[in-house]
Amino acid sequence: MQPFEYASPKTLKEALGLLGAGWDDAVVLAGGTDLISLMKDGVVAPKRVVNIKEIAELKGVTKTAAGVKIGALVTVDEVLTNALVRASAPALVEAAKGVSSAQIRNMGTVGGDLCQRPRCWFFRAGFGLIAKHDGKDLAVEGDNRYHAIFGDGPARFVSASSFGPALVALGAKVEISSASGKREVEAAKFFVAPASSEQHEVDVKPNEIVTAVVIPNAVTKNATYEVRQKEALDWPLATASVALTMKGTAVGSAKIVLGHVAPTPYVAEKAAAMLAGKTITAETAEAAGKAAVESAKPLSMNAYKVQIAATAVKRALLAAAGVKA
Ligand SMILES: Cc1cc2nc3c(=O)[nH]c(=O)nc-3n(C[C@H](O)[C@H](O)[C@H](O)COP(=O)(O)OP(=O)(O)OC[C@H]3O[C@@H](n4cnc5c(N)ncnc54)[C@H](O)[C@@H]3O)c2cc1C
C-alpha cells in the first residue's frame, strides 16, 4: 500500500477543506469495508485519507418536512432497525438485510454503500471501469458471468449498491456537499454509466462528500426482492425494488428498478406503466417481470440473469402488494 496522510476531522467543513481536486489527492473513509480493500489491492492510491466517522452532523435518521433523512454515516444495521426507515421504506430495509455479514452491517454506512466501487473483477484487477486491455473489451470477451445484461457499453460492470435501486424506486434524493455549498441529486441521476475509465460511476466529485439521503413522504407500498447464488457473504445476482402508489385496490402508478444488472440501477419504465389501473396478481406481476427484461442484451455467460431478474420483479411486486401467490 502506498503511504498516505491520515486526517480525522470533527466537522463537515473541516473534512471538505481536506479534500482535493483529483481522486489521487484525497479519499473519504467511512466504515472502510470497501475502501481498505481497494487500497490494499492498489486500485486506489490516495495521498490523503479523510476519516469522516467522527462527524456528528452525518449521523442519525430524522423526520423532516421533505421526508425521512438518513445521514450518510448511518450504518446498514441502523437501517435495519430504525423505526422511521422500517415504516416508510421496507424496500430499503430488505436491501440492507441482503448485506449478509454482521461485521459489514455494523461498519458499512449508507454513504459508503452508495459510493462503493464495482465488484467487476477486471476493475478490481486494475483494468479500469471500462476494462480494456490490448484493444480487447475484457468484459465482452472474457468471463462475464456477473456482468451487465442491459446497455450497449462501453461500461459492462454492474452497480454494486443494493440500496441504489431501492432509493431510486422510492424517489429519494441524495444530498452532497462541497466547500462551495450543498446540492441535491435525484437517486436516479446519482448513478452514472461512465463512458471512460477516467470517469466515476456516481455523481460525486473528488472534493465532495455525500451527507444524507432523503426518502420523500409519499405513501407507497414498496419492497425489494433479491436473488443470490447462495446464503453467504456476497452480492446478489439480480434484485428488483418496486414502489406502488395505490388507488383503492388497483395500482395508481408504479416504479420498478432492477439492481445488479447494469452499470446503474435499471428503471423498467414500460413494465411499470403496464401496471397502472391493474390489481397486483400472480399474472400481472409475472407479465411486468417479463416486460422489465424485454430489452436485456446478455453477454456470452450471463443470459441466466434475464430469468432471475424477471422473477425478482414478480416477487417484489407480490411482496409490495402483500399478495401470496
Ligand atoms: C462480503 C460483503 C458482502 C456485501 N454484500 C453487499 C450486498 O449484498 N449489497 C450491497 O449493497 N452491498 C454489499 N456489500 C457492500 C457494503 O455494503 C459496503 O462495503 C459498505 O456499505 C460500504 O460502506 P463503508 O462505510 O464501509 O464505505 P467505505 O469502504 O468507507 O467507502 C466505500 C467508498 O465510498 C466512498 N465513500 C464512503 N462514504 C462516502 C461519503 N459519505 N461521501 C462520499 N464518498 C464516500 C469511499 O471513498 C470509498 O470509495 C458487501 C460487502 C462485503 C465485504
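In this chain, numbering begins with 1 at the start of the sequence shown. Just follow the structure's listing: the first ligand is 1, and inside any ligand the first atom is 1.
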> If you count the atoms of ligand 1 from 1 in the order shown, which ones are under 4.0 Å from a heavy atom of Gly108?
Replying inline: 20 (C), 21 (O), 23 (O), 24 (P), 25 (O), 26 (O)

>> Is it the case that the side chains of Asn217 and Lys63 hold a donor-acceptor pair, with the cut-off being a distance below 3.5 Å and no angle test?
In response: yes

> For ligand 1, which atoms, with element, lie under 4.0 Å from some heavy atom of Pro236?
Replying inline: 8 (O)

> Is it true that Ser101 lies under 4.0 Å from ligand 1, counting heavy atoms only?
Replying inline: no

>> Is there a polar contact between ligand 1 and Gly31, counting only N or O atoms under 3.5 Å apart?
In response: yes

> Minimum heavy-atom separation for Pro165 to Gly259, with atom names?
Replying inline: CG-CA, 3.5 Å

> Which of the atoms of ligand 1 are close to Arg228, meaning less than 4.0 Å from one of its heavy atoms?
Replying inline: 8 (O)

>> Looking only at protein heavy atoms, which one is nearest to atom 2 (C) of ligand 1, and what is the separation?
In response: Trp235 CH2, 3.5 Å

> Of the protein's non-hydrogen atoms, which lies at the shortest distance from atom 31 (O) of ligand 1, and what is that distance?
Replying inline: Leu35 CB, 4.0 Å

> How about Lys53: does its NZ atom have over 12 heavy atoms from other parts shown lying under 6.0 Å from it?
Replying inline: yes

> At what distance is the nearest protein heavy atom to atom 18 (C) of ligand 1, and which residue and atom is it?
Replying inline: Thr33 OG1, 3.6 Å

> Among Asp34, Leu114, Val28, which residue places a heavy atom closest to atom 29 (O) of ligand 1?
Replying inline: Asp34

> For ligand 1, which atoms, with element, lie under 4.0 Å from some heavy atom of Asp234?
Replying inline: 5 (N), 8 (O)

>> I need the atoms of ligand 1 closer than 4.0 Å to a non-hydrogen atom of Ala72, numbered in the order shown.
In response: 41 (N)

> Can you tell me if Asp77 and Thr75 form a side-chain donor-acceptor pair at under 3.5 Å?
Replying inline: no

> Is the closest heavy-atom distance from Ala160 to ligand 1 below 4.0 Å?
Replying inline: yes

> Between Asp113 and Gln116, does any side-chain donor sit less than 3.5 Å from a side-chain acceptor?
Replying inline: yes

>> Starting from atom 35 (C) of ligand 1, what is the nearest protein heavy atom, named by residue and atom, and what distance separates them?
In response: Cys115 CB, 3.6 Å

> Ile209 heavy atoms, cut-off 4.0 Å: which ligand 1 atoms fall inside?
Replying inline: 41 (N), 42 (N)

>> With no hydrogens and no angle check, just 3.5 Å: does a side-chain donor-acceptor pair link Tyr6 and Asn51?
In response: yes

> Between Phe150 and Tyr266, is the ring centre distance below 6.0 Å?
Replying inline: yes

> What are the atoms of ligand 1, with element, lying closer than 4.0 Å to any heavy atom of Gly98?
Replying inline: 8 (O)

> When you measure from atom 1 (C) of ligand 1 to every protein heavy atom, which one gives the shortest distance, and what is it?
Replying inline: Leu233 CB, 3.7 Å

>> Check contact between Ile52 and ligand 1, using heavy atoms of the residue and a distance below 4.0 angstrom.
In response: yes

> Atom CG in Asn302, atom CZ in Arg156: separation rounded to 0.5 Å?
Replying inline: 9.5 Å

>> Is there a side-chain contact between Ile209 and Leu19 in this structure, where contact means two heavy atoms from C-beta onward sitting under 4.5 Å apart?
In response: yes

> Considering only the protein, which heavy-atom contact is closest to atom 16 (C) of ligand 1, and what is its distance?
Replying inline: Ile104 CG2, 3.8 Å

> How about Phe127 and Trp121: are their ring centres within less than 6.0 Å of each other?
Replying inline: no

>> Among Arg183, Lys189, Lys173, which residue satisfies the salt bridge (charged side-chain N to carboxylate O under 4.0 Å, His left out) criterion with Asp203?
In response: Arg183

> So which of Val174, Asp113, Leu58 gets nearest to atom 10 (C) of ligand 1, if we judge by its closest heavy atom?
Replying inline: Asp113

> Without hydrogens or angle criteria, can the side chains of Asn222 and Ser241 be said to hold a donor-acceptor pair below 3.5 Å?
Replying inline: no

> Among Ile176, Leu12, Thr109, whose heavy atom sits nearest atom 25 (O) of ligand 1?
Replying inline: Thr109

> Does Arg105 have a heavy atom less than 4.0 Å from any atom of ligand 1?
Replying inline: no

> Is the distance between the ring centroids of His147 and Phe122 less than 6.0 Å?
Replying inline: yes

> Is it true that atom NZ of Lys59 has more than 12 heavy atoms of other residues, nucleotides or ligands lying nearer than 6.0 Å?
Replying inline: yes

> Please state which protein non-hydrogen atom is closest to atom 28 (P) of ligand 1 and give its distance, to 0.1 Å?
Replying inline: Gly32 N, 3.4 Å

> Around Gln199, counting heavy atoms of other residues, nucleotides and ligands shown, do more than 12 lie under 6.0 Å from its CD?
Replying inline: yes

>> Among all protein heavy atoms in this structure, tell me which lies nearest to atom 37 (C) of ligand 1, with the distance rounded to 0.1 Å.
In response: Gly112 CA, 3.6 Å

>> Check this for me - ligand 1, Ser162, N or O atoms closer than 3.5 angstrom, yes or no?
In response: yes

>> Out of all atoms in ligand 1, which are within 4.0 Å of some heavy atom of Ser161? Include the element for each.
In response: 11 (O)

